[in-house]
Amino acid sequence: MLIRRPADILPSDITPEAVYLNRRQFMAGAAGLLLPVSALAALPARKSPYSTAEQANSRSDITSYNNYYEFGTGKDEPALYAGRLKTQPWNIVVDGEVEKPRSFGMEELLKYPQEERIYRLRCVEGWSMVIPWIGFPLASLLAQVRPTSKAKYVAFETALRPGEMPGVARRVLAWPYREGLRIDEAMHPLTILAVGLYGDVLPKQNGAPIRLVVPWKYGFKSIKAISRIRLLEKQPATSWNLAAPDEYGFYSNVNPAVDHPRWSQASERRIGEFLKRKTLPFNGYGTQVAQLYRGMDLVKNF
């Protein structure tokens, strides 16, 4: 296997060069665009120093192997059924402990300066990918509503559309899907709201039109199809923690030293690879985020 040095990996290697150099033509011809091409002008994004130099998974891997229980529990079901979700118009309500609660439309959010963030993703199930997201820091959005001194946590909620989300009929979880972060986690520069993937608009099975990405936490923390964000004084309830509190903690930081009750977290299988690799603490982002948890018992606060 050819292992490239970081300096050898170029954005044009991640997606086919013709597509990379002609993103707008590609988007104009793609089926099922979420918004008019004119609204997607911000998606060709600047590069980010936070990106990993690891080789990204293929677009096919990323868009066909998904956990998104609103559309089914099988890995292939989101790609089969997420096309039913109507993503325009789309608004996110941001309220709670803020000075200026308001609603944001996707057209406005797409005008934020976008970055390409090539991040590792580690699923709690023991598999991983490397994904070239397009997005912007969550902190940029929160600054618009001016959190008050009481805002200690940020709660997120996925849209609930039973007519468009066949998976919610199974009652696998208490819907709508909910997640949460501490406010310092939410304001960290690694935490982004993703609106695109591989230079294109975000596919529906990957959380369109907008999702959270927190790369040092297990993937289920990165909530999809966000419809509401609330800033709170007290820690919010989260879906998987409500469903199985002994298995899914509020923090859910990637930690190879803390096993899931039913399997080890010491290693992972990168999609597309045969052999397993060692899991890195905080998914390899410890240098940037470990200080957030200084003095905490990360076994108790799993």
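Predicted model only: the values in this text are computed from it and were never measured.
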Has the side chain of Lys152 got a donor or acceptor atom that lies under 3.5 Å from a matching backbone atom of Ser149?
yes

Does the distance from a Lys or Arg side-chain N to an Asp or Glu carboxylate O, for Lys150 and Glu233, drop under 4.0 Å?
no

Kindly compute the distance separating CG (Asn241) from CD (Gln235), expressed to the nearest 0.5 Å.
7.5 Å

Once the angle between the rings of Tyr68 and Phe71 is folded into 0 to 90°, is it parallel (under 30°), tilted (30 to 60°) or perpendicular (over 60°)?
perpendicular

Got Val94 and Leu231 here, is their nearest side-chain heavy-atom distance under 4.5 Å?
yes

I'd like to check Tyr69 versus Phe220 (side-chain heavy atoms, cut-off strictly below 4.5 Å). Are they in contact?
no

Donor-acceptor check, side chain of Asn66 to backbone of Ile62, threshold 3.5 angstrom: yes or no?
yes

Cation-pi, Tyr285 ring and Arg120 (6.0 angstrom, 45 degrees)
yes

Exercise: identify the closest heavy-atom pair between Ala159 and Trp90
CB-CH2, 3.5 Å

Just verifying a value: how many Å separate Ile226 CD1 and Asn91 CG, rounded to the nearest 0.5 Å?
13.5 Å

Are the side chain of His188 and the backbone of Val214 linked by a donor-acceptor contact shorter than 3.5 Å?
no

Chi angles and distances behind the side-chain contact (heavy atoms from CB on, under 4.5 Å) call for Leu242, Leu173
CA-CA 9 Å; Leu242 287 170; Leu173 296 168; over 6 Å; no

Any non-hydrogen side-chain atom of Arg84 less than 4.5 Å from a side-chain atom of Pro166?
yes

Qualifying residue, where the test is ring-ring contact (aromatic ring centres under 6.0 Å, His included) with Phe282 and the options are Tyr293, Trp216, Tyr218
Tyr293

Ser227-Glu157 side chain donor-acceptor pair, cut-off 3.5 Å
no

Apply side-chain contact (heavy atoms from CB on, under 4.5 Å) to residues Glu99 and Thr148 and explain how you reach the verdict.
CA-CA 6 Å; Glu99 295 179 6; Thr148 71; 4.1 Å; yes

Is there side-chain contact between Pro137 and Tyr112, with heavy atoms separated by less than 4.5 Å?
no

Is the charged tip of Lys224 near the ring of Phe156: under 6.0 Å from the six-membered ring centre and within 45° of its axis?
no

Exam field: side chain Arg161 to backbone Lys86, donor-acceptor pair closer than 3.5 Å:
yes

Out of curiosity, Leu85 CG to Glu70 CD, how far, rounded to the nearest 0.5 Å?
9.5 Å

For Asn67 and Lys75, does a side-chain donor sit closer than 3.5 Å to a side-chain acceptor?
yes

Derivation and outcome, side-chain hydrogen bond (donor to acceptor under 3.5 Å, both in side chains), residues Arg122 and Ser128
CA-CA 4 Å; Arg122 171 62 154 82; Ser128 65; 5.9 Å; no

Can you check whether Trp263's main-chain N or O pairs, donor with acceptor, with Gln265's side chain at less than 3.5 Å?
no

Quick one: does Trp133's side chain have a donor or acceptor within less than 3.5 Å of a partner on Ala194's backbone?
no

Residue Arg146 excluded, over 12 heavy atoms near CZ under 6.0 Å
no

Ile229 versus Leu141: any side-chain heavy-atom pair under 4.5 Å?
yes

Distance-only polar pair, side chains of Ser239 and Arg178, donor-acceptor under 3.5 Å:
no

side-chain contact (heavy atoms from CB on, under 4.5 Å) for Asn255 and Phe302? Distances and angles first, verdict last.
CA-CA 8 Å; Asn255 190 342; Phe302 65 97; over 6 Å; no

Would you sort out whether Glu185 and Lys221 count as a salt bridge (Lys or Arg N to Asp or Glu O under 4.0 Å), showing the intermediate values?
CA-CA 12 Å; Glu185 297 175 318; Lys221 294 292 290 186; over 6 Å; no

Could you tell me how the ring of Tyr248 sits relative to the ring of Trp240: parallel (under 30°), tilted (30 to 60°) or perpendicular (over 60°)?
tilted

Before giving the answer on side-chain contact (heavy atoms from CB on, under 4.5 Å), spell out for Trp127 and Leu121 the whole-Å C-alpha distance, their side-chain angles and the decisive distance to 0.1 Å.
CA-CA 9 Å; Trp127 55 268; Leu121 180 145; 4.0 Å; yes

Do Phe104 and Ile210 have side-chain heavy atoms sitting under 4.5 Å apart?
no

Within the structure provided, determine whether Leu197 and Thr63 are in side-chain contact (heavy-atom separation under 4.5 Å).
yes

Look at the side chain of Asp95 and the backbone N and O of Pro101, then say whether any donor-acceptor pair between them is shorter than 3.5 Å.
no

Is the side chain of Asn57 donor-acceptor paired with the backbone N or O of Val130 at a distance under 3.5 Å, no angle test?
yes

Salt-bridge criterion met for Glu108 and Arg102 (N-O under 4.0 Å):
yes

Should the pair Lys47-Glu116 be classified as a salt bridge under the 4.0 Å nitrogen-to-oxygen rule?
yes

Determine whether a donor-acceptor pair (N or O, by modelled atom type, separation under 3.5 Å) exists between the side chain of Arg211 and the backbone of Asn206.
yes

Is any side-chain heavy atom of Lys278 closer than 4.5 Å to a side-chain heavy atom of Pro256?
no

